[in-house]
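Just so you know, residue 1 is the first one in the sequence shown, and it goes up from there. Values below: all heavy atoms of this structure, side chains included; hydrogens, waters and symmetry mates excluded.
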Amino acid sequence: MGTGERDQEAHVSEGTTGAGGTGEAGGTTGAAAAEDRGTPTSSPRTLAEALRSRPDASLAALLRARPDLLTPVPNDLTQLATRAGTRASVVRALERLDRFALQTAQALAVAPDPAPYPVLLALLAGDEGDTAVEGALPGALAGLREQALVWGSDERLRLVRTARELLAPSPTHPSPTGLGPTVAEATAGMSPGRVQEILRAAQLPATHDPVSAVAALTSLFTDRARMSALLDTAPPEALAVLDRLVWGPPYGEVSADPAPPVRWLRDHGLLLPTSARTVVLPREVALHLRAGRAHRAPEPVAPAVAPAKEYRPQVVDSAAAGQALTALTMVEDLLAEWNEGGPAVLRAGGLSVRDLKRTAAALDTTEQAAAFWLELAYAAGLLASDGEADERYAPTPAYDSWLDLPPAERWSRLAAAWLTATRTPGLVGGQDARARTLAALGPDLDRSPAPEVRHRVLALLARLPEGTAPDPQTLLARLHWEHPTRTGPEDLRPKLAQWTLAEAELLGVTGRGALAAHGRELLAMGGGASRTSTTTPLLGLAAAAALAPHLPEPVDHVLLQADLTAVAPGPLRRPLAATLNVLADIESKGGATVYRFTPASVRRALDAGQAASDLHAFLAAHSTTPVPQPLSYLIDDVARRHGHLRVGAASAYVRCDDDALLDEIVADKRSAGLRLRRLAPTVLAAQADPAALLEGLRAMGYAPAAESAEGDVVITRADTRRTPPRTAPAPVPEGPPLPDETLLGAAVRAIRAGDEAATVVRKEQPHTAPAEPGGLPRTTAAETLATVQAAVMTGSALWIGYVNADGAASQRVIAPVRVEGGFVTAYDHTADEVRTYPLHRITGVAELADDPA
């Protein structure tokens with residue numbers, strides 16, 4: 001434990017907490033109340049004492065609910081209590097409370113400290129009672145206790161001091177309850193004479209000191225009968241003023257000469273001055289007017305997610321499966337578009353607005369949807385930047401492996417990556433804090449709450465009956481109840497929930513707004529915020545199995561038509577689709593994809609090394625209809641002219657055995673830009689480069705072929721471009737990661753052992769200065785050696801102070817086994833293992849009154 005943290009512990013443990021007068025984090029050497037264990041002992045005096053009485057399962061639950069307390073693992077329970085009371089940790093814990101748990105904490109913040117359970121119940125249920133509040137309060141209080149925000153028995157409930165400071169009302173920090181200060185707090189700076197005047201106006205006997213005067217006034221305001229009698233004498237206008245202040249804010253401005261109703265309220269202490277121009281409604285008065293309620297509308301029960309529409313589950317699954325197939329097609333088309341290298345990466349990272357528009361046009365979708373597909377491919381590790389000097393985006397090697405998977409497994413990889421990713425495509429096109437546009441694939445799109453919100457939205461959908469689509473407004477209301485402290489203009493949770501609904505529909509997790517069967521399986525695999533990109537391939541195996549029956553089987557045939565088109569009646573098998581994409585252009589997509597054969601597409605296949613006979617055989621083998629004569633003529637015509645002209649590098653030349661054809665090209669006005677001249681009857685030279693010459697001749701309607709320096713035809717297959725191996729981007733966690741059960745068990749054992757070392761009862765050693773509280777024992781080297789040797793002989797345990805090689809000091813309880821060569825080998829109760837310690841690093845030893853072994 002560091003010096004600063006020990007100093008903080010000492011400061012906290014010496015403080016007071018109101019009526020109790022004891023600190024929260026201070027430790028004691030004796031056992032405290034152990035309600036969880038069923039031991040009928042007295043109430044704990046400190047938070048550390050309350051934690052000490054908990055069983056190991058309860059401590060593990062605390063560390064699981066507040067993982068920030070584990071970094072690093074506390075040395076003992078006193079340090080754990082100190083850390084649990086720090087402002088940052090308490091704020092983080094309050095942010096994770098639901099509406100009613102937060103209202104319970106807010107009620108405790110305005111209650112006396114400590115507060116009995118009936119007082120807390122009255123603040124939440126009011127004078128008339130509320131069965132819903134009575135039923136929900138024990139659970140809310142148990143949750144606050146589990147997170148160490150509340151401690152103590154039901155007779156002495158205490159809110160952690162930092163939480164009280166955050167939630168209690170003050171002039172600069174109004175309470176969500178709308179309550180103001182108590183009479184004692186509001187009259188703290190008031191003159192004794194003014195307090196006596198208020199007593200006389202309220203017809204209370206005068207007192208000789210301000211303390212008893214404030215107590216008499218408080219007693220009046222908390223007495224329902226006397227308070228009602230006092231208000232019966234108030235002018236109606238004065239009651240109207242109270243009505244405006246009763247639910248907050250409790251502060252109001254008055255003039256130097258206030259109106260008679262305000263003057264009456266001020267004279268009778270129902271409004272107390274906080275400055276020359278400001279008055280406040282005391283908390284006790286407000287609670288009387290509210291019939292005892294701390295909140296206008298307690299919300300003990302979470303609002304239900306209402307159904308909007310209901311469908312047959314088979315309809316939902318079919319619709320979702322169809323959209324899942326579309327999602328696969330969109331990702332494949334996107335990466336096929338960038339197969340030879342995608343757009344350049346901006347200097348600041350990400351994709352330019354122009355390139356995003358081009359991508360959206362190529363995918364025939366909106367820019368926002370295109371950003372989603374880009375981010376999805378990136379999150380799944382299928383797309384990345386190549387890292388070259390002229391950095392560009394391209395598919396990764398993982399894309400080729402992904403293509404080899406069955407369609408259902410390909411979809412499950414995408415869905416699992418989406419569920420766990422912190423990348424937020426909905427932000428694309430917006431602006432950051434510096435008014436810079438957020439780009440797709442840019443570095444500023446990670447939002448930590450995104451996985452949690454996605455998982456929670458799907459979990460709420462899963463609670464509805466199968467085939468039921470939710471009402472989005474009630475879904476948002478439920479999420480707001482679960483995280484009420486995160487609302488505000490900068491809170492992304494409502495938007496994240498809306499984006500989740502839209503993205504789940506795009507991806508095929510939902511169909512017609514309802515969660516599909518494979519979506520339920522994806523959720524059941526535990527794809528929450530605690531998962532990482534390394535586990536995403538395992539998340540969707542069950543989801544893939546549920547989706548597979550709803551996907552159409554890939555077909556290995558097309559229907560050729562006389563209008564030079566081919567219709568694919570379903571998804572094509574990969575080899576067939578790859579060849580057909582080269583031989584024909586996609587004209588339309590949908591349930592059936594339509595391909596069109598053109599001279600350019602046929603020439604593209606010939607350029608890729610196919611011969612006319614190969615194309616005829618391919619079409620005959622994969623068509624369920626006879627090959628139309630126009631298509632055969634098209635292939636033969638393009639093949640007959642293909643390669644008749646040869647283009648090579650001179651700077652560039654054209655050669656052809658048919659000199660008449662060369663005469664035709666030279667005479668064509670469209671060739672003027674190529675600046676051709678005849679070198680020989682069968683050779684033309686050009687000042688354009690070979691690539692430009694090829695494109696120019698093709699634009700004129702010819703079918704030239706490139707040739708190498710040896711005169712061989714150059715086959716121009718598409719050159720696929722891949723990035724170096726890349727891992728999928730790791731999600732950016734919100735706070736520390738959730739600990740697993742192994743870490744929790746080890747942490748609890750270490751804290752227990754450290755606490756035993758810190759609180760164990762030691763024997764008084766003669767001629768040895770007593771150790772300061774929290775300090776290390778001090779003995780001479782000779783005394784240390786003699787005590788350790790004696791412990792080896794008797795088998796007893798010792799309390800030692802130890803300073804490691806880094807200078808970090810700690811207390812330990814050891815059972816020495818052997819002493820030799822300046823080292824002591826002992827079983828360390830703190831670390832729960834056998835260790836060897838240099839004797840010169842032991843600051844001192846002390847025998848234990850009771851052997852912990």
Is there a donor-acceptor pair under 3.5 Å between the side chain of [X] and the backbone N or O of [Y]?
{"X": "Thr468", "Y": "Leu464", "value": "no"}
{"X": "Thr46", "Y": "Glu49", "value": "yes"}
{"X": "His295", "Y": "Thr177", "value": "no"}
{"X": "Arg164", "Y": "Leu108", "value": "yes"}
{"X": "Arg478", "Y": "Val305", "value": "no"}
{"X": "Glu155", "Y": "Tyr117", "value": "no"}
{"X": "Thr218", "Y": "Val214", "value": "yes"}
{"X": "His268", "Y": "Trp264", "value": "yes"}
{"X": "Thr187", "Y": "Val183", "value": "yes"}
{"X": "Ser219", "Y": "Ala215", "value": "no"}

Less than 4.0 angstrom from a charged side-chain N to a carboxylate O is my criterion; do Arg161 and Glu165 meet it?
no
Can you tell me how far [atom2] of [Y] sits from [atom1] of [X], rounded to the nearest 0.5 angstrom?
{"X": "Leu69", "Y": "Leu63", "atom1": "CG", "atom2": "CG", "answer": "6.5 Å"}
{"X": "Leu97", "Y": "Leu144", "atom1": "CG", "atom2": "CG", "answer": "6.0 Å"}
{"X": "Leu204", "Y": "Ser212", "atom1": "CG", "atom2": "OG", "answer": "11.5 Å"}
{"X": "Leu461", "Y": "Leu475", "atom1": "CG", "atom2": "CG", "answer": "6.0 Å"}
{"X": "Leu217", "Y": "Leu270", "atom1": "CG", "atom2": "CG", "answer": "8.5 Å"}
{"X": "Gln498", "Y": "Arg493", "atom1": "CD", "atom2": "CZ", "answer": "14.0 Å"}

I want to check something: taking the side chain as every heavy atom from C-beta on, are [X] and [Y] in contact at a cut-off of under 4.5 Å?
{"X": "Pro451", "Y": "Thr422", "value": "yes"}
{"X": "Leu102", "Y": "His483", "value": "no"}
{"X": "Leu496", "Y": "Pro449", "value": "yes"}
{"X": "Arg145", "Y": "Ser58", "value": "no"}
{"X": "Val90", "Y": "Leu149", "value": "yes"}
{"X": "Leu141", "Y": "Leu157", "value": "yes"}
{"X": "Pro74", "Y": "Arg83", "value": "yes"}
{"X": "Glu482", "Y": "Arg456", "value": "yes"}

Verdict with supporting geometry, Arg54 and Leu62, side-chain contact (heavy atoms from CB on, under 4.5 Å)
CA-CA 10 Å; Arg54 287 189 178 191; Leu62 167 62; 3.7 Å; yes
Would you please name every residue forming a salt bridge (Lys or Arg N to Asp or Glu O under 4.0 Å) with Arg266, sequence neighbours left out?
none
Across all chains, not counting sequence neighbours, the salt bridge (Lys or Arg N to Asp or Glu O under 4.0 Å) partners of Asp471 are none
Which atom names give the shortest non-hydrogen contact between [X] and [Y], and what distance separates them?
{"X": "Trp481", "Y": "Pro300", "answer": "CZ2-O, 4.1 Å"}
{"X": "Trp499", "Y": "Gly426", "answer": "CZ2-O, 3.4 Å"}
{"X": "Ala186", "Y": "Val280", "answer": "CB-CG1, 4.3 Å"}
{"X": "Thr474", "Y": "Ala304", "answer": "CB-O, 3.8 Å"}
{"X": "Leu123", "Y": "Ala111", "answer": "CD1-CB, 3.5 Å"}
{"X": "Val150", "Y": "Val160", "answer": "N-CG2, 4.4 Å"}

Pairs meeting criterion salt bridge (Lys or Arg N to Asp or Glu O under 4.0 Å) with involvement of [range], two or more places apart:
{"range": "residues 181-195", "answer": "Glu185-Arg283, Arg194-Glu197"}
{"range": "residues 167-181", "answer": "none"}
{"range": "residues 287-302", "answer": "Arg99-Glu299, Asp130-Arg293"}

Test side-chain contact (heavy atoms from CB on, under 4.5 Å) applied to Leu124 and Phe100, step by step
CA-CA 10 Å; Leu124 290 166; Phe100 187 62; 4.2 Å; yes
All N/O donor-acceptor pairs, side-chain side in residues 228-256, below 3.5 Å, sequence neighbours left out:
from, atom 1, to, atom 2, distance (Å)
Ser228, OG, Arg224, O, 2.9
Thr233, OG1, Leu230, O, 2.5
Ser255, OG, Asp257, O, 3.0

Would you check if there is a donor-acceptor pair between the side chains of Thr222 and Glu284 at a distance under 3.5 Å?
no
Between Ser89 and Arg66, a side-chain donor and acceptor under 3.5 Å:
yes
Worked verdict on His455 versus Leu523 for side-chain contact (heavy atoms from CB on, under 4.5 Å)
CA-CA 7 Å; His455 188 269; Leu523 182 66; 3.5 Å; yes
Tell me, yes or no, whether the heavy-atom count around Glu128 atom CD, taken from other residues, nucleotides or ligands under 6.0 Å, exceeds 12.
no
Mind running side-chain contact (heavy atoms from CB on, under 4.5 Å) on Ile198 and Leu272 for me, showing each step along the way?
CA-CA 10 Å; Ile198 295 174; Leu272 296 176; 3.8 Å; yes
